[in-house]
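Every chain is numbered from 1 and lettered A, B, ... according to where its sequence line falls, protein lines coming before strand lines. Here the structure is a predicted model, which is why all the values come from computation and not from measurement.
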Amino acid sequence: MPRLPETPARLAAALLDWYQRAKRDLPWRGSRDPYAIWVSEVMLQQTQVQTVLGYYVRFLRDFPTIEALAAAELPAVLARWSGLGYYARARSMHAAAKAVVARGGFPRSIEGLRELPGFGPYTAAAVGSIAFGLPEPAIDGNAVRVYARLTGLSAPRAAAEKLLREAARPLLAAAPPSELNQAVMELGATLCAPASPACLLCPWSAPCRARALGLQEAIPPPRERPARRPMTLAAAVWRDARGRLLFARRPPRGLFGGLWELPAVEVSAARDGGDIAEALAGWLRDGLGARVAVGERLGEVSQQLTHRDLRVVAFAATGHGRARAPASPRGYVEARFVAAADLTDLGLSSVTRKLLALPAVKGERPSTGAVQAIVPSR
DNA sequence: AAGTCGGGGGA
DNA sequence: TCCCCAGACTT
């Protein structure tokens, strides 16, 4: 069990003195609104401050209160989340907003908060301490690094989290919980960095056990991460006579759950050009029941995910006669043709935005005649 | 306990 | 290219 190297009172005093001088001015700092604090905590999960800033301001502008969020439709919420990633966060937040409004306000205990969708150990502690002053250590990636170095604990992150939460608990009784938790995370985000920590500026450098041992760069050990597997998709760029593009909505769970995208099918990564087009043609016929031909290859985009190396190849699809959106697209919940002006209302992933930005996709016009039809292979 | 789930910043 | 980011949820 890791132990604090100093009295909680002294550690807290040194940290808070530094925090008052060094803290960054961020939009959610100083807000007393539990809803605004909660929104920031959810957006900041696995996401750096810099990335969140713009999303946070726009989200609170469109959903200024928890009542507004609870009353909104999920597609509008996903549209505001578009590009931020980990879309389950938006789905959970919407569900939790409904629950909070229904019960007349946030629970005021850690256990109560933990019952809300999307409230794990960290988020419950962060919202509980910052909004309600509950003395619960908020253990995020920054806090693990700071506390592990302070106490000299060298253990894998999963095990370290629980141990450090208990080791840090006395600190939360020695200072205002809101300030203390935020100060630890600020320290981890600005000075106590994963590599090359700025120990000379750190308020805890004197008591820091890792520094005393010269192990500040070795603690905590790097996280094991799974290999990225390649994944190749073929996407159809299919316009109706009015130039609207066909989009399909993915099922609510799983990768890109609930988002809209150009209808696509996964193909073997080993296939190249012609083969991918053939696979797409077969899927358009069998999976969409679409009477279309696959035409020109319009380009490709790629996107690195945590565990996947995503590559999407876009092909023009050309219909015979009047275009009609498929009623039951395989692998999707629904499909419809969407005008360019209406795209801002849809939750789109970043890779879909990249596809739409391809010159050959943007510039493609409704086709009027001859296409290079590709006969699906059996 | 291990996988899954996005996307980007910074070295 | 690699590591990580104010993690949660499923299996």
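Distance noted for atom P between B/dG8 and C/dC9: 24 Å (whole Å). Distance noted for atom C1' between B/dG3 and C/dA6: 23 Å (whole Å).
Within the nucleic acid shown, A/R353 has no heavy atom closer than 4.0 Å to any nucleic acid atom. Among the atoms of the strands shown, none is found under 4.0 Å from any heavy atom of A/W81. Across all strands shown, A/R250 has no heavy atoms under 4.0 Å from either base or sugar-phosphate atoms. A/Q303 comes within 4.0 angstrom of the backbone, heavy atoms only, and of no base.
If you check C/dT1 for Watson-Crick or wobble pairing at under 3.5 angstrom, you find it paired to B/dA11.
Because its NZ or CZ atom is both nearer than 6.0 Å to the ring centre of A/W260 and within 45° of the ring axis, A/R336 counts as a cation-pi partner of that residue. Under a cutoff of 6.0 Å and an axis angle of 45°, A/R249 and A/F247 do not form a cation-pi pair.
Here the side chain of A/P121 is nearest to one of B/dG6, C/dA8, B/dT4, namely C/dA8. Comparing atom distances between the A/Y87 side chain and each of C/dA6, B/dG7, C/dT10 picks out B/dG7 as nearest. Taking every side-chain heavy atom of A/P222 into account, C/dC4 is the closest of B/dT4, C/dC4, B/dG7. For A/Q48, counting side-chain heavy atoms from C-beta on, the closest listed nucleotide (B/dG6, C/dG7, C/dC4) is C/dC4. Picking from C/dC4, B/dT4, C/dA6 the nucleotide with the shortest atom distance to the side chain of A/A189 gives C/dA6. Among the nucleotides C/dC4, C/dG7, B/dT4, the one closest to the side chain of A/R229 is B/dT4.
Taking 4.0 angstrom as the limit, A/Y86 places none of its side-chain polar atoms (N or O) nearer than this to OP1 or OP2 of C/dC5. The shortest distance between the side-chain N/O atoms of A/H307 and the OP1/OP2 oxygens of B/dC5 is below 4.0 Å. A/T51 has no side-chain polar atom (N or O) that falls below the 4.0 Å cut-off from OP1 or OP2 of C/dC5. Applying the 4.0 Å criterion to OP1 and OP2 of C/dC5, one finds that A/R145 has a side-chain N or O inside that range. In terms of phosphate contacts, A/R225 brings no side-chain nitrogen or oxygen within less than 4.0 Å of OP1 or OP2 of B/dG3. Regarding contacts with the backbone of B/dG8, every side-chain N or O of A/Q46 stays at 4.0 angstrom or more from both OP1 and OP2. The phosphate of B/dC5 (OP1 or OP2) has a side-chain N or O of A/R308 nearer than 4.0 angstrom.
With A/W38 as the fixed residue, the ring pair (Phe, Tyr, Trp, His ring centres under 6.0 Å) test singles out one of A/F106, A/F132, A/F59, A/F63: A/F106.
Along DNA chain B, the nucleotide nearest A/S196 and the nucleotide nearest A/S349 are compared for position; the residue whose nucleotide lies closer to the 5' end is A/S349. Remark on DNA chain B: of its neighbouring residues A/F256 and A/A158, the 5'-side contact belongs to A/A158, judged by nearest-heavy-atom nucleotide.
Counting distance only, with no hydrogens placed and no angle test, the side-chain atoms of A/T47 and the base atoms of B/dG8 include no donor-acceptor pair under 3.5 Å.
Panel note: side chain A/R29, backbone A/R24; a donor-acceptor pair is recorded below 3.5 Å. Judged by distance alone, with hydrogens and angles left aside, the side-chain atoms of A/R330 form a donor-acceptor pair with the main-chain N or O of A/D286 at under 3.5 Å.
For A/W238 and A/F337, the gap between ring centers is short of 6.0 Å.
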